[in-house]
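One structure is given here, and the rest of the page talks about it.
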Amino acid sequence: MSHAVFTVSVSGLDSEGLHDALAAQFVVQKENARRAKVGLPLLPLEPFDALKASYVLFLSSVVQQAHESYIGEQATEQAKSDHLSERWLEASDAERAAALTALPAATEHE
């Protein structure tokens with residue numbers, strides 16, 4: 001579980017009808033369709049300042065979810081490493097020697 005909290009700020013999203021604003025509206029409309037399917041309150045699309053706030057809320061959520069996904073990925077890799085370390089410690093000298101022998105030759109780096 002993450003203790004970090006991410007927030008997003010957006011600057012330059014000041015005019016309706018520009019590509020940035022249209023993208024924000026598109027994303028919030030898609031999010032609202034998802035929310036409607038699961039019974040969550042919809043994000044406001046109007047007035048324009050409310051749309052900007054909805055977009056920032058959505059983007060903050062995306063960044064938070066990505067971070068939590070990265071925590072999960074790191075935990076999985078750590079568990080694999082811990083399991084390998086445990087196996088190494090439990091192995092006999094002959095098993096360790098065989099494992100080292102099976103490794104490919106190291107290459108030199110400049």
Side-chain angles (χ1 to χ4, degrees):
M1 183 63 165
S2 174
H3 295 286
V5 176
F6 293 87
T7 57
V8 173
S9 64
V10 177
S11 61
L13 186 62
D14 298 326
S15 299
E16 295 181 63
L18 295 178
H19 292 293
D20 294 329
L22 293 172
Q25 184 178 24
F26 173 76
V27 167
V28 173
Q29 286 173 333
K30 281 182 59 175
E31 173 62 9
N32 278 344
R34 184 196 70 79
R35 286 171 166 254
K37 287 180 183 176
V38 297
L40 292 173
L42 302 183
L43 299 172
L45 292 162
E46 295 178 340
F48 188 66
D49 284 341
L51 170 63
K52 290 193 299 187
S54 294
Y55 191 50
V56 166
L57 180 69
F58 173 77
L59 291 176
S60 295
S61 172
V62 169
V63 170
Q64 188 73 39
Q65 290 171 16
H67 177 67
E68 289 174 8
S69 174
Y70 300 147
I71 290 172
E73 289 177 32
Q74 185 279 327
T76 298
E77 290 301 312
Q78 185 66 48
K80 289 178 187 176
S81 176
D82 291 349
H83 180 68
L84 181 60
S85 295
E86 180 181 324
R87 288 179 58 204
W88 182 261
L89 293 173
E90 292 174 353
S92 68
D93 289 341
E95 289 170 322
R96 286 190 207 115
L100 290 173
T101 301
L103 290 174
T107 58
E108 290 192 32
H109 297 280
E110 294 180 21

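If you read the sequence from its start, that first residue is 1, and numbering goes on from there.
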field: S60 side-chain N/O to V8 backbone N/O, donor-acceptor pair under 3.5 Å
entry: yes
field: Shared hydrophobic cluster for V56 and L18 (ILVMFWY, side-chain gaps under 4.5 Å)
entry: no
- prompt: Between R35 (side chain) and L43 (backbone), is there a donor-acceptor pair under 3.5 Å?
  reply: no
query: Does the pair T76 and K80 meet the rule for a side chain to side chain contact (heavy atoms under 4.5 Å, CB included), with working shown?
result: CA-CA 6 Å; T76 298; K80 289 178 187 176; 4.0 Å; yes
Test item: side-chain donor near acceptor, S61 and Q65, under 3.5 Å: yes
field: Pairwise distance OG(S85) to CD(Q78) - rounded to 0.5 angstrom
entry: 8.0 Å
- prompt: Counting distance only, does the side-chain N/O of S81 pair as donor-acceptor with the main-chain N or O of E77 below 3.5 Å?
  reply: no
task: Give the cluster check for L13 versus L22: same hydrophobic cluster or not, with ILVMFWY residues linked at side-chain heavy-atom distances below 4.5 Å.
output: no
query: Does any non-hydrogen side-chain atom of H67 lie less than 4.5 Å from one of V63?
result: no
- prompt: Are E90 and R87 ion-paired here, with the side-chain N under 4.0 Å from a carboxylate O?
  reply: no
Co-membership, hydrophobic cluster, residues L40 and L42, 4.5 Å side-chain: no
- prompt: Do the side chains of N32 and L45 get nearer than 4.5 Å, heavy atoms only?
  reply: yes
message: A side-chain contact here means heavy atoms from C-beta on lying under 4.5 Å apart; do E46 and L51 qualify?
response: no
query: Which value, rounded to the nearest 0.5 Å, describes the distance between Q25 atom CD and F48 atom CZ?
result: 9.0 Å
- request: Verify, without hydrogens or angle tests, whether E31 (side chain) and S54 (backbone) share a donor-acceptor contact under 3.5 angstrom.
  value: no
query: Do V38 and R34 have side-chain heavy atoms sitting under 4.5 Å apart?
result: yes
- prompt: Near Q74 CD, under 6.0 Å, is it more than 12 heavy atoms from other residues, nucleotides or ligands?
  reply: yes
